[in-house]
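This report concerns only the one structure given below.
Just follow the structure's listing: the first ligand is 1, and inside any ligand the first atom is 1.
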Amino acid sequence: MNFHTMKRILSLAAAILFGMSAYAQVPQLRSEVFDLIDLERPGMEQVKALHAAGNDIEAAKSLLDYYKNRKGVATPDIKDPAKVTISEEHQKWADDGLKHTFFVHKGYQPSYNYGEDIDWRFWPVKDNELRWQLHRHKWFTPMGKAYRISGDEKYAVEWTKQYIDWIRKNPYITDKGKVFTDGPGEGEVKADVDPDVENMRFAWRPLEVSNRLQDQTLQFQLFIVSPAFTAEFLTEFLFNYHRHAEHIMANYSDSGNHLLFEAQRMIYAGTFFPEFKNAETWRKSGVEILNREIGVQIYDDGGQYELCPHYHLASIEIFIKALDMADLNGFRNAFPQSYIDTIEKMIMFYANICFPDFSNPCFSDAKLIKGKQMKTNFKKWSRLFPENQAIKYWATDGKKGALPEHLSIGYPTSGFFVFRNGWGKDALQMTVKAGPPAFWHNQPDNGTFEIWYNGRPLFQDSGSYVYAGEGEVMEWRRWFRRTASHNTLTLNHENIETTDSKTLLWQPEGDVQVFVTENQSYSNLKHRRSIFFVDGKYFVIVDEAIGDAKGVVNLHYQMPRGKSTNSRETMHFNTEADNGCNMKLQCFGPEGMTMKKEEGWQSPDYMKKNKRINASFNVKKTDNTPVRYITVIVPKEEAGDNPSITAKFLDKGYNANGVKIQVKVGKDKKKTLSYTL
Ligand code: MG
């Protein structure tokens, strides 16, 4: 009988004897823990003595008693473990988790089953997120809550089993180089790589490790009262936890939101387990990084440098979470006033670029966050910034506080510009994105915009749909990310090569407000976009493609879903929605301009997409004569309303110093719109 057969028979016997499923493995005493913990700390006297006497199992039991009775460490997420509540959704994650049906990702529902003998490498769809996020163990904390609420030991027994099973099957490999990269790398499993090494890339990616560091502080509080949380288990837990924190110390991400998440969670680790000799180092590293990165990642106007509303909001939450942890455990002075002021600026930035119901533009990799969630945020933020009248106003539905005094506002460093005629849901608003080069979650979409009119979005950004993986996953990623899926200009439908917009003019006041931005989109083609917000009623967009590039210039607009009429003769679209949010768009271009309708999509959430029309107005460019368009967008309530629109250039041709055009909309008088730089 060889070793493997023997092992199989033994484990089967164990399963029969103890009624355990085949995957379960018993926690072992990890004596190394006594070297990791500072045994000189008050309260550790008995642990120290037992360990010194060579009685590590009794020392571990004493350590467990210490933790069961420990006071004075708090986490913001759970105030009192005995009084937790659970949502219906989380109860389901907990119950499904018992059967190894693991909630991994909202975009992949119903959840997959990972087998009785859990296969932590199961990867049913080659989307990196699906494999990475399995290792966040999102069902563990719900299991802990379900345990506390029901008192049913099955949750605790199963959690300890899964916890140990995960450790055994996701070995930590230190001697084979760094394979747990953080970047967007496509999820191909390389045949010539040791599968354990390959697995490190997923199970031990720093972002996932940090996620576990944070959530395990909660699981620890919820499960420690269970008989299944044995002294042996405690040593496995602490040893594993320590390895997690040390892993982050050595492998912090280089930049971006991942680094922020990791730092904030190291603050959790160092604060929650002060018994570790290295705890203070962990906590300090987290504090130091957040204090540094809030200056690096947040521009002077309050925008986060990934230029993605979703990660902007996530960054606000990260900075506040660290502050909450500091408040609860008495080290708020680790964060200077400038840190707190920056968070406030970030909140005001976000509130301004969002629409009147606080839904967000879906720029870059942003999902659509609805206003309801924001209400909770504003309430929390108002407690942190009680003097801020606008936050108070939004937190109280206008019962207290006051709206900002401004309407339109620009954030020139981040390149977000907002035109608005009011703050109410019936307002007309446009948020334009035209910023500097940015980090991974940013999309090559310079000059794009979203409009809000009468309670709904128009020209909603396509969104992101998926992040990264293999095959079809990447094809979809590329579609949503590409320049041509935005409301901006391309050459031959290709992605722009540079995303570095320069603001030439921002005039946010008066009857005619103006924004002029320029991006060297391709080495031989510059895109200048001038937007006029006229009488708070409609928008006129002048697009100029300048340079000696030859090919076809395409001006893209992502049309709203639902019925619309359009005409290739007059180059217009007229929507026919019955919800009070309509618009007429008409494009005026050079002789020979054609209109093309393609399949378009809008993704409000991961792996969710709705069909619509991606329209483009196309002009052949055969020499270095600039191609110039005027687009007029008139929002209107009634579907049947068909205002006549005319527009023409008054200047002879492209003029680097300005633009002069004439526009007439419906019964309004002819208007001359112009600016001089
Ligand atoms: Mg986009």
Ser111 side chain near Phe103 side chain, heavy-atom distance below 4.5 Å
yes
Within the 2.8 Å cut-off the protein N, O or S neighbours of the Mg ion (ligand 1) are Gln443 OE1, Asp461 OD2, His486 NE2
Describe, in one word, how the ring planes of His105 and Tyr606 are oriented to each other, choosing from parallel (under 30°), tilted (30 to 60°) and perpendicular (over 60°).
tilted
Tell me, please, which residues at least two apart from Pro643 pass side chain to side chain contact (heavy atoms under 4.5 Å, CB included).
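Pro643 satisfies side chain to side chain contact (heavy atoms under 4.5 Å, CB included) with Lys584, Val634, Lys636, Asp641 once adjacent residues are dropped.
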Under the side chain to side chain contact (heavy atoms under 4.5 Å, CB included) rule, collect the residues that match up with Thr413, sequence neighbours excluded.
Tyr299, Asp300, Asp301
Asp535: what forms a salt bridge (Lys or Arg N to Asp or Glu O under 4.0 Å) with it, not counting sequence neighbours?
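Partners of Asp535 by the salt bridge (Lys or Arg N to Asp or Glu O under 4.0 Å) criterion, ordered by chain and then number, come out as Lys671.
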Please determine if Arg136 and Glu208 form a salt bridge, counting it only when a charged side-chain N lies under 4.0 Å from a carboxylate O.
yes
